[in-house]
Amino acid sequence: MYSEKVMQHFATPQNVGVIEDADGVGEVGNPVCGDMMTFYIKVNNGKIEDVKYQTFGCVAAIAVSSQVSELVKGKTLEEAKSLTKGVVAEALGGLPKQKMHCSNLGADALARAIHDYETRTHGQHPCPHRENQTAGCTQGCCDTGEIS
Amino acid sequence: MNKVIYMDNNATTRVAPQVIREMLPVLETWYGNPSSMHGFGGAVGKRLDQARKQVADLLQADPGEIVFTSGGTESDNTAILAALASQPHKRHIVTTRVEHPAVLSLVKDLEERGYTVTWLGVDRKGHLNPDAVRKAVRKDTAIVSVMAANNETGVLFPIDKIAAITREKDVLLHTDAVQIMGKLPFSVQDIPVDFLSLSSHKIHGPKGVGALYVRKGVRFKPFIIGGHQEHGRRAGTENIPGIVGLGKACQLAARHLDEETIRVGKLRDRLEEGLLSSIDHSQLNGDQNNRLPNTTSIAFEFVEGEAILLLMNELGICASSGSACTSGSLEPSHVLRAMGIPFTYAHGSIRFSLSRYTTDQEVDTVIRELPPIIARLRELSPFC
Amino acid sequence: MNKVIYMDNNATTRVAPQVIREMLPVLETWYGNPSSMHGFGGAVGKRLDQARKQVADLLQADPGEIVFTSGGTESDNTAILAALASQPHKRHIVTTRVEHPAVLSLVKDLEERGYTVTWLGVDRKGHLNPDAVRKAVRKDTAIVSVMAANNETGVLFPIDKIAAITREKDVLLHTDAVQIMGKLPFSVQDIPVDFLSLSSHKIHGPKGVGALYVRKGVRFKPFIIGGHQEHGRRAGTENIPGIVGLGKACQLAARHLDEETIRVGKLRDRLEEGLLSSIDHSQLNGDQNNRLPNTTSIAFEFVEGEAILLLMNELGICASSGSACTSGSLEPSHVLRAMGIPFTYAHGSIRFSLSRYTTDQEVDTVIRELPPIIARLRELSPFC
Ligand SMILES: Cc1ncc(COP(=O)(O)O)c(C=O)c1O
Ligand SMILES: Cc1ncc(COP(=O)(O)O)c(C=O)c1O
Ligand code: FES
Ligand code: FES
């Protein structure tokens with residue numbers, strides 16, 4: 001059912017854990033299946049210097065979090081922001097159809113961690129969905145906690 | 001694949017060697033059609049009769065009350081649809097929220113097609129209160145369908161009490177007895193159900209065959225329509241090797257019942273105690289008493305069932321989360337949800353289901369191997 | 001029982017030894033449930049995929065278009081009911097008077113339940129005129145169900161022409177291809193049917209398993225409802241040994257097709273000529289051309305089929321009168337009646353159906369033994 005790459009990440013997940021003094025923390029829960037994922041990032045010079053995560057989820061979710069952590073470690077925030085679920089799934093050698101949503105979990109949790117970092121450092125972060133920095137998010141993502 | 005420790009016997013079982021031995025002659029040599037006029041077909045008909053008697057004997061039924069089907073699902077579908085077709089003016093169904101999909105999905109479909117359904121719930125221990133059946137039954141109730149034992153938790157339902165109620169109220173009663181067969185005795189003389197479903201591959205028989213008990217005198221309408229097989233109650237050339245295998249499996253089930261119930265029950269208890277005592281934040285799903293002797297469903301908090309299964313799989317240990325046919329779907333088991341198990345527990349639930357082939361050593365291995373698996377996964381978990 | 005001369009292959013066939021060889025590992029060792037999460041179940045899933053491909057290959061279909069069932073009857077029921085369920089506003093069915101009971105009885109039942117049916121007849125040679133289909137199809141026709149080859153006479157129906165008509169009129173077409181499979185080529189690429197039924201035990205596979213081809217894009221509704229097996233199109237734990245056997249049988253059928261069609265066809269012709277030439281007042285039922293290579297239905301005037309069968313049976317010769325599943329009933333075959341065969345002939349009709357296991361010697365024996373049997377019975381007959 002799962003690709004070799006998925007099984008490899010699942011068997012030996014990379015970068016597991018918590019960063020106590022993280023610069024950004026992002027948590028997502030999956031309403032479909034009830035699974036949870038938390039990402040921690042340490043940022044230095046606009047780059048993700050360190051990344052860790054915890055996952056309460058299926059095999060795909062565990063592999064996705066491990067894969068995401070590998071993909072973004074050492075990357076700039078801009079590079080990390082462009083990470084999509086498609087890229088994650090592809091890096092994993094594909095995911096079963098009914099598990100594609102699990103790859104959202106990884107990209108979303110990371111996006112939230114970056115969002116958290118930006119909110120902390122700039123107060124008002126440069127949201128792509130805002131007309132200007134005083135208007136609300138047109139997507140409603142910050143207000144509802146959903147990042148699309 | 002290395003040696004397998006198979007603890008997924010509620011999903012399907014190993015076919016008993018004696019069963020295969022019985023099937024081979026009808027596969028290899030006696031391939032005739034029992035409906036044929038010639039003696040070569042007739043010889044096959046005798047084997048069909050014998051299997052019917054073997055199935056009937058396990059239930060203390062009359063051979064004429066046994067209809068062979070393609071499995072538990074077809075039996076379930078047939079019973080419910082027959083009850084509806086033979087009483088077209090009655091459009092109310094009573095069933096539970098924890099039935100197998102073979103009943104659950106069918107009844108949901110019927111609900112969409114305009115039938116009224118009363119869905120009975122269970123309590124935190126998985127028990128069904130028979131009084132709920134009494135309250136639910138109406139003048140226009142066509143059938144009450146309640147399983148004898150739940151496939152995920154092993155919890156038993158009070159079919160005897162429910163049968164007394166449906167008798168009194170003159171309503172048809174179907175029981176999905178797929179999981180109780182071969183694990184605990186069930187006699188249709190003691191418990192007057194009108195329909196009873198069983199499945200061969202759950203009792204060390206081959207897959208793709210089952211039976212439906214239809215009490216004598218109960219009106220019936222066939223589900224699969226065509227030729228006159230099964231006395232006009234189920235069309236299609238009979239699955240002779242499967243039926244012969246099922247017959248033998250029933251005979252063996254009756255023989256092994258006492259001895260295995262006790263031995264398997266002890267093994268299951270040892271497994272359960274071993275795991276619950278060595279793994280923190282674990283709990284039993286469902287009542288500890290009043291359940292099948294071979295089944296235990298244990299919830300490991302903070303971890304996810306699929307991940308546990310795959311790590312166990314690497315050690316050759318086979319078990320399941322939820323029922324086999326819903327695994328692959330994302331939602332936690334409808335049975336555990338109906339019991340009100342919180343989701344952090346429901347997600348990490350594993351069902352171990354043993355059989356007469358399970359050994360002491362296998363239980364030892366699982367007790368030894370599971371704690372480090374859970375610990376490893378908990379390291380990943382944001383809840384810990 | 002002594003040596004059997006089996007000429008009843010349209011009723012059921014000998015299971016090929018290669019098929020049994022393929023089934024044994026999944027009976028004995030690989031008993032897992034393909035829906036399970038563990039690798040032990042997954043290994044079984046691979047065999048299921050392989051069998052699906054083997055069946056698809058025989059039809060030149062895509063594996064995703066194959067749904068496994070419990071046999072030809074279930075496939076027939078499923079196709080027709082799926083077409084009706086997915087087009088609830090269309091309440092007209094077109095079929096023939098000479099279908100197998102798996103279609104005939106179902107459609108009669110549907111007629112009683114309020115559907116309108118156009119019953120197409122055949123001519124004296126058993127032929128169906130495709131123009132009759134064109135005339136019968138209406139705006140509210142949900143499905144046309146026409147068999148590819150008749151089980152009693154072997155006569156072929158012009159499915160290619162009918163498919164052209166149903167395509168043009170945008171009506172669903174089902175064909176019961178149970179008898180044509182393995183005897184003549186049939187490609188769903190050449191003949192665009194929407195549903196096609198086949199049965200394992202007619203092509204040297206095991207009993208109790210079959211398949212339904214459902215063309216990609218055709219709307220479908222499952223007949224047996226429950227778990228998610230068969231991509232949600234047929235619930236119930238899969239009959240793995242049966243399916244694996246059917247897969248192998250399809251592979252062998254494709255391999256043997258050319259060679260056996262010719263050899264078996266010649267044997268059949270020799271048998272037919274031998275009997276017709278040595279027995280007075282005998283005639284062929286159905287067209288001599290345009291039929292299956294293995295089947296001959298011969299009417300012996302003034303005698304009764306059952307009596308012939310029983311005397312043949314004493315010599316170990318197996319054949320049939322009518323179809324297997326209507327034997328035991330007293331009426332002469334509905335197929336021969338629909339063809340307008342006079343009753344003195346219809347009653348004395350015997351179907352010989354050969355297979356790739358039929359030998360020259362067996363044909364010789366039947367040619368030698370049958371004339372005295374007929375003579376003996378005619379001595380008793382008031383008509384002679
Ligand atoms: C309680 C129960 N009912 C019905 C079924 C369906 O039986 P089958 O798989 O033979 O269709 C099962 C098992 O799958 C079951 O556990
Ligand atoms: C033409 C035809 N259709 C359907 C069937 C039914 O198939 P099964 O016996 O596998 O249900 C048969 C044989 O019995 C047949 O000859
Ligand atoms: S199923 Fe929930 S994260 Fe994969
Ligand atoms: S992403 Fe932050 S406001 Fe829209």
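Below, chains carry the letters A, B, ... as their sequence lines are ordered, and counting in each starts from 1.
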Flag side-chain contact, heavy atom, 4.5 Å: [X] against [Y]:
| X | Y | answer |
| --- | --- | --- |
| B:Glu28 | C:Val15 | no |
| B:Asn239 | C:Asn239 | yes |
| B:Leu309 | C:His38 | no |

* Structure fact -> Nearest heavy-atom approach of B:Gly226 to C:Ser105 is O-OG, 3.4 Å

* Structure fact -> Shortest non-hydrogen pair, B:Ser70 vs C:Glu74, comes out as OG-OE1, 4.4 Å

* Residue among B:Val26, B:Val44, B:Leu27, B:Ile240 satisfying side-chain contact (heavy atoms from CB on, under 4.5 Å) with C:Lys207 -> B:Ile240

Among [options], which residue has the highest count of heavy-atom pairs closer than 4.5 Å to chain B?
| options | result |
| --- | --- |
| C:Ile20, C:Ile317, C:Asn77, C:Thr12 | C:Asn77 |
| C:Leu24, C:Val19, C:Thr13 | C:Thr13 |
| C:Gly71, C:Pro222, C:Cys318 | C:Cys318 |

* Intermediate values then yes/no, side chain to side chain contact (heavy atoms under 4.5 Å, CB included), C:Phe223 and B:Ile224 -> CA-CA 9 Å; C:Phe223 173 51; B:Ile224 301 189; 3.7 Å; yes

* Asked: For the residue pair C:Tyr6 and B:Tyr31, does the interplanar ring angle fall in the parallel (under 30°), tilted (30 to 60°) or perpendicular (over 60°) class?
  -> perpendicular

* Asked: Going through the distances and angles, do C:Lys221 and B:Asp109 end up as a side chain to side chain contact (heavy atoms under 4.5 Å, CB included)?
  -> CA-CA 11 Å; C:Lys221 193 157 187 269; B:Asp109 191 69; 3.1 Å; yes

* Please assess C:Glu306 against B:Met37 for the test side chain to side chain contact (heavy atoms under 4.5 Å, CB included), listing each intermediate value before the final yes or no. => CA-CA 8 Å; C:Glu306 194 196 26; B:Met37 280 301 304; 3.4 Å; yes

